[in-house]
Protein chains: 2
Amino acid sequence: MVVELPDSTLDRLFRALADPSRRDILRRTMTTSASVSALAADYEMSFAAVQKHVAVLESAGLVRKTAKGRERLVRADPAQLARARAVLAELETLWHARFSQLDAVLSPPKE
Amino acid sequence: MVVELPDSTLDRLFRALADPSRRDILRRTMTTSASVSALAADYEMSFAAVQKHVAVLESAGLVRKTAKGRERLVRADPAQLARARAVLAELETLWHARFSQLDAVLSPPKE
DNA sequence: GAGTTCTACAACCATCTGGTTGTACGTTAG
DNA sequence: CTAACGTACAACCAGATGGTTGTAGAACTC
C-alpha cells in the first residue's frame, strides 16, 4: 500500500492546501458546487484573487470546473485529498516501525 | 470530532509538507534521528539550505531538535502529521454528507 | 592550544506567491 | 440592441521562499 505520486503533484497538492482561503473554498465546494463569483462574494479580496485561488485548487486536482452558461461551477473532487491523506498516513506508518527495526533486517531491499 | 487548529498553524503545516526535500527529511527522521549535517550529506544543496528546511519543519512542529554535543539531532514528531491528516479526513467527510442535504434544510442557519 | 567539525545566522539574489487593477469577451436580461 | 453579469487573462507590485556565500561560535580531536 505504498503511495506513488510524482513529487510535483504532491507539491501542488500540499501547496494548495496551505492557504486558509483555499481550504475554505474547498470546504464550501465539498457539499455544493458554486460559481466563482458566488464564492468570491464571501471574501474580502477581489474576484480575480478568488479566481486565482480556484485555479490553484484546480491545478492541484482538488477541484473541477464545469461550464454552465456564463458561469463556471466549481465543485471539489475528494480523490486527490484522499491521496494526500494516504501520503501522511504512510509517513506515520514509518514512525510505528521505529521500534521494530528488525523488520528492516529481515526483509531484504527489493530495488 | 471536529479538528480545531488556528489557520496559521495549518498554513505552516501544509506549507512545510509542500516540498520534496522536506518530505524526504521527514521520512528519514521518522525512523531514525539524524544530525543536520548527516541529513545534508545526502542532498545536492548546501548545508545552510538543509538547515533552513529543517527549520521550516521545526516551526511547523513536524520535527524536533535536541542538542547532543556539537550536533543537533533531528527527529520527526508524528503528532502534527496526524492533525493534518485529521483535517483532510474531515474535509472528505463533508463530501459524504453531500447527498444527505436534508440536514441543511432541517437545521436553520445560526448567523 | 590549534585545527576541524557542526551549527547558527546574516546578507544577498532570483523566482514564486498572493494580491491588485484594467481590459476583453461570451452570456444573460431588458 | 444595449446593458449588465461572469469569467479570463495580462501587467504590475510587495513580500515570501529557496537557494547561495560568508562569518562566527561552540564542541570535539589531536
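Residue numbering restarts at 1 for every chain, and letters A, B, ... go by the order of the sequence lines. Predicted model, so just to flag it, every value in this text is computed and none were measured.
Between the C1' atom of C:dT17 and the CZ atom of B:Arg12 lies a distance of 18 Å, rounded to the nearest Å. To the nearest angstrom, P of D:dG18 lies 12 Å from CG of B:Leu17. Rounded to a whole Å, the OH atom of B:Tyr43 is 15 Å from the C1' atom of D:dG18. Spacing between atom CE of B:Met45 and atom C1' of C:dA14 amounts to 17 Å, rounded to whole angstrom units. Between the CG atom of A:Asp19 and the C1' atom of C:dC16 there is a distance of 14 Å, rounded to whole Å. Whole-Å rounding puts the A:Phe14 CZ to D:dG18 P distance at 15 Å. C:dG18 atom C1' lies 15 Å from atom CD of A:Glu44, rounded to whole Å. In this structure, the CZ atom of B:Phe47 is 18 Å from the P atom of D:dG18, given to the nearest Å.
The stretch residues 49-59 of chain B comes close to DNA chain C through B:Gln51, B:Lys52, each having a heavy atom under 4.0 Å from the strand.
In this structure the side chain of B:Thr9 reaches within 4.5 angstrom of the side chain of B:Gln80, judged on heavy atoms.
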What nitrogen or oxygen pairs link the protein and nucleotides 27-30 of chain C at under 3.5 Å?
residue: C:dT27; atom: O2; partner: A:Arg70; partner atom: NH1; Å: 3.3

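For residues 57-73 of chain A, there are no side-chain hydrogen bond (donor to acceptor under 3.5 Å, both in side chains) pairs, not counting sequence neighbours.
The distance from atom CG of B:Leu17 to atom CG of A:Leu91, rounded to the nearest 0.5 Å, is 7.5 Å. To the nearest 0.5 Å, atom CZ of residue B:Arg75 and atom CE of residue B:Met30 are 11.5 Å apart. In this structure, CG in A:Leu62 is found 8.0 Å from CG in A:Asp77, a value given to the nearest 0.5 Å.
Checking D:dT20, C:dT7, C:dT21 against the side-chain heavy atoms of A:Ala48 singles out C:dT21 as nearest.
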Trace of the side-chain contact (heavy atoms from CB on, under 4.5 Å) decision for A:Val63 with A:Thr29: CA-CA 8 Å; A:Val63 134; A:Thr29 56; 3.9 Å; yes

Residues B:Thr31, A:Trp95; criterion side-chain contact (heavy atoms from CB on, under 4.5 Å); working and verdict: CA-CA 6 Å; B:Thr31 53; A:Trp95 174 266; over 6 Å; no

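Across all strands, B:Ser46 comes closer than 4.0 Å to base atoms (heavy-atom distances). Among the heavy atoms of the strands, none lies under 4.0 Å from A:Ser21.
Using a cutoff of 4.0 Å between basic side-chain nitrogens and carboxylate oxygens, B:Arg28 and B:Asp42 are scored as salt-bridged. Under 4.0 Å is where a charged nitrogen must lie from a carboxylate oxygen, and between A:Arg23 and B:Asp11 at least one such pair does.
Residue B:Arg22 places at least one side-chain N or O under 4.0 Å from the OP1 or OP2 atom of D:dG18.
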